[in-house]
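Heads up: the structure comes next, in structure tokens.
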2 protein chains.
Amino acid sequence: MPDAVRPSKREETRRETERTILAAAEKVFAEAGFGGATMQLIADMAGLPKANLHYYFPTKEALYRRVVGEIFEIWLQAAEALDQAQCPVEGIGAYIDAKMEISRRHPFGSKVWASEVMHGAPVIQDYLESTLRDWTEGRAAAIRRWISNGQMQPVDPHHLLYMLWATTQHYADFGHQIETLNGGRPLSDEDWAAATRSVKEIILRGVGAL
Amino acid sequence: MPDAVRPSKREETRRETERTILAAAEKVFAEAGFGGATMQLIADMAGLPKANLHYYFPTKEALYRRVVGEIFEIWLQAAEALDQAQCPVEGIGAYIDAKMEISRRHPFGSKVWASEVMHGAPVIQDYLESTLRDWTEGRAAAIRRWISNGQMQPVDPHHLLYMLWATTQHYADFGHQIETLNGGRPLSDEDWAAATRSVKEIILRGVGAL
DNA sequence: GTCTATATCGGGATAGAC
DNA sequence: GTCTATCCCGATATAGAC
């Protein structure tokens, strides 16, 4: 029974089609919102007939749930940057690096998440109350430890975390506005590097870690 | 002709009905997005039959445009806080105060704006390219002046402005997430004061103005 | 598993009485 | 100026052939 060891050809194509659909859905949900997105648009972008989407995902909402869940997982992994550090300069700096990179690589996912939260998190409220709450308390504890050790000023850990989320995600969520103010051109490699440097510099000096 | 001097009774009621519709629309657009909002929902919330909305605003999009324009105006007025100051502590501090107060008083408008920009600003792109661009350049010049005067560190003015927008608007746009992490309770007066203090402290120290 | 054709419903917009 | 009834389109979801 090789199926248990290695995915069969059938399962492989299934995964591939699923990835195609999810990528298309992420983009369309980000650009049009849940209400504005249509299964037809997603199907067109994925190069599939509309009926196939319903074969892979029973409803529009089920497809949306999967898209939101994926960006959440990506963000949780960025937490490791914070955890494995001994000082705020290294920990917060690496976290900003990681979050900025995610904003650049996954702008659609970031927007879908933002939209979901703005609408009151109807689909992922359970994540907020369990996983995110635990995550936040853990990081807040780490920050308090740095403060106790005299490695940074006594700032409120929660508000610091909100600032980290806000500033980094802003480059994804408000990317269109930033691009417009950049003369209509997308940020270059150097622009992204400068943005990351600015954010790190202001925040690290702001918490008294520099 | 008193009509030219003082609004007639007819015009007064018209204004009042318009305000009622706009307030309801702001809330519904914020909570459901443009695509998810329905004229029926807005009408119910305003306590009016659906047809009346179309009497006051020809289309759903026209109504939406008005809502987006209003929050933009409010934000532009907050700019005065920045302009009338002689030093960054006063100017940036007052701007943060003003923006945080707006996040608290107009969370729906902030969300509608965020949603609009995230979707590529299909309706207010002209504002971004004219008014907002001019506004931004003006404020950036003021910041450069403070830097030249040695009143703060040489940070990139644009990235500083993005950080100011991101951090302050986050309390409106992601208010639901913050509330959830606050134990499900809305921020109290003291919570808002503490948030504003944190933001000001970190950013002002971060730019070397303290 | 894939696609075409279609049922069904909900929402924007309007006609026309009052 | 206000409201009821209705038109009409577009979107989700499905039936059923291949």
Side-chain angles (χ1 to χ4, degrees), chain A residues 3 6-68 112 115-116 119 122-123, chain B residues 3 6-68 112 115-116 119 122-123:
Chain A
D3 280 22
R6 191 175 52 81
S8 68
K9 186 119 191 171
R10 185 168 293 174
E11 278 168 347
E12 262 179 50
T13 41
R14 184 180 179 91
R15 283 223 174 260
E16 271 176 40
T17 309
E18 222 177 72
R19 291 307 322 163
T20 308
I21 294 172
L22 283 169
E26 187 183 7
K27 191 167 186 324
V28 173
F29 281 133
E31 289 174 351
F34 179 81
T38 69
M39 295 297 267
Q40 187 63 62
L41 256 169
I42 298 171
D44 291 348
M45 180 150 302
L48 291 168
K50 195 176 56 161
N52 281 29
L53 269 59
H54 283 101
Y55 177 74
Y56 280 87
F57 299 92
T59 65
K60 182 184 174 182
E61 190 176 321
L63 174 54
Y64 174 78
R65 250 190 99 88
R66 274 287 296 276
V67 171
V68 177
V112 175
S115 188
E116 165 70 7
H119 297 355
V123 171
Chain B
D3 281 20
R6 191 176 51 85
S8 67
K9 186 119 192 171
R10 185 168 294 177
E11 278 168 347
E12 262 180 50
T13 41
R14 185 180 179 90
R15 284 223 173 260
E16 270 177 41
T17 309
E18 221 177 72
R19 291 307 322 162
T20 308
I21 294 172
L22 283 169
E26 188 185 7
K27 192 169 183 334
V28 173
F29 282 133
E31 289 176 351
F34 180 81
T38 69
M39 295 296 268
Q40 187 64 63
L41 255 169
I42 298 171
D44 291 349
M45 181 151 300
L48 291 168
K50 194 175 58 161
N52 280 31
L53 269 58
H54 283 101
Y55 177 75
Y56 280 87
F57 300 91
T59 64
K60 183 184 175 183
E61 189 177 321
L63 174 54
Y64 174 78
R65 251 190 98 88
R66 274 287 297 276
V67 171
V68 178
V112 175
S115 188
E116 165 70 7
H119 297 354
V123 172

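- Residue H54(A) has no polar side-chain atom (N or O) positioned under 4.0 Å from OP1 or OP2 of dT14(D).
- Within 4.0 Å (heavy atoms only), A43(A) reaches no atom of the nucleic acid at all.
- Under a 3.5 Å cut-off, the side chain of R65(A) and the backbone N or O of V123(A) do form a donor-acceptor pair.
- Relative orientation of the F29(A) and F34(A) rings is parallel, given thresholds of 30° and 60° on the angle between their planes.
- Remark: Y55(A) is not in phosphate contact with dC3(C), judged by side-chain N or O atoms under 4.0 Å from OP1 or OP2.
- If you measure from atom CD of E61(B) to atom P of dG11(C), you get 19 Å, rounded to the nearest angstrom.
- The distance between atom CD1 of I42(A) and atom P of dA11(D), rounded to the nearest whole Å, is 12 Å.
- Taking the side chain of L48(A) as heavy atoms from C-beta on, and the options dT12(D), dC3(C), dT4(D), the nearest nucleotide is dC3(C).
- Each of L63(A), L22(A), L48(A), T17(A) was evaluated against Y56(A); a single residue qualifies, T17(A), per the side-chain contact (heavy atoms from CB on, under 4.5 Å) test.
- Taken from CZ in R15(B) to CZ in R19(B), the straight-line distance is 9.0 Å, to the nearest 0.5 Å.
- The distance from atom CG of L63(A) to atom C1' of dA11(D) is 15 Å, rounded to the nearest whole Å.
- When distances are taken from the side chain of N52(A) to each of dT2(C), dT12(D), dA13(C), the shortest belongs to dT2(C).
- Using a 4.0 Å heavy-atom distance criterion, T13(A) is classed as making no nucleic acid contact.
- Position along DNA chain D of the nearest nucleotide to T17(B) versus K50(B) favours T17(B) as the more 5'-ward residue.
- Closest to the A51(A) side chain, of the nucleotides dT4(D), dA13(D), dC3(C), is dC3(C).
- Nucleotide dG1(D) holds its P atom 12 Å from the CZ atom of R15(B), rounded to whole Å.
- If you take CE of M39(A) and P of dT6(C), they are 21 Å apart, rounded to a whole angstrom.
- Remark: C1' of dT2(C) and CZ of R14(A) are 13 Å apart, rounded to the nearest angstrom.
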- Query: Run the side-chain contact (heavy atoms from CB on, under 4.5 Å) check on Y64(A) and T59(A) step by step: do they pass?
  - Reply: CA-CA 9 Å; Y64(A) 174 78; T59(A) 65; over 6 Å; no
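- In this structure, E18(A) places its CD atom 11 Å from P of dG1(C), rounding to the nearest Å.
- Of the listed nucleotides (dG12(C), dT12(D), dC3(D)), dG12(C) has the atom at the smallest distance from the side chain of T38(B).
- Heavy atoms of F57(A) sit nowhere under 4.0 angstrom from any nucleic acid atom.
- For the pair Y56(A) OH and dG1(C) C1', the computed distance is 7 Å after rounding to whole Å.
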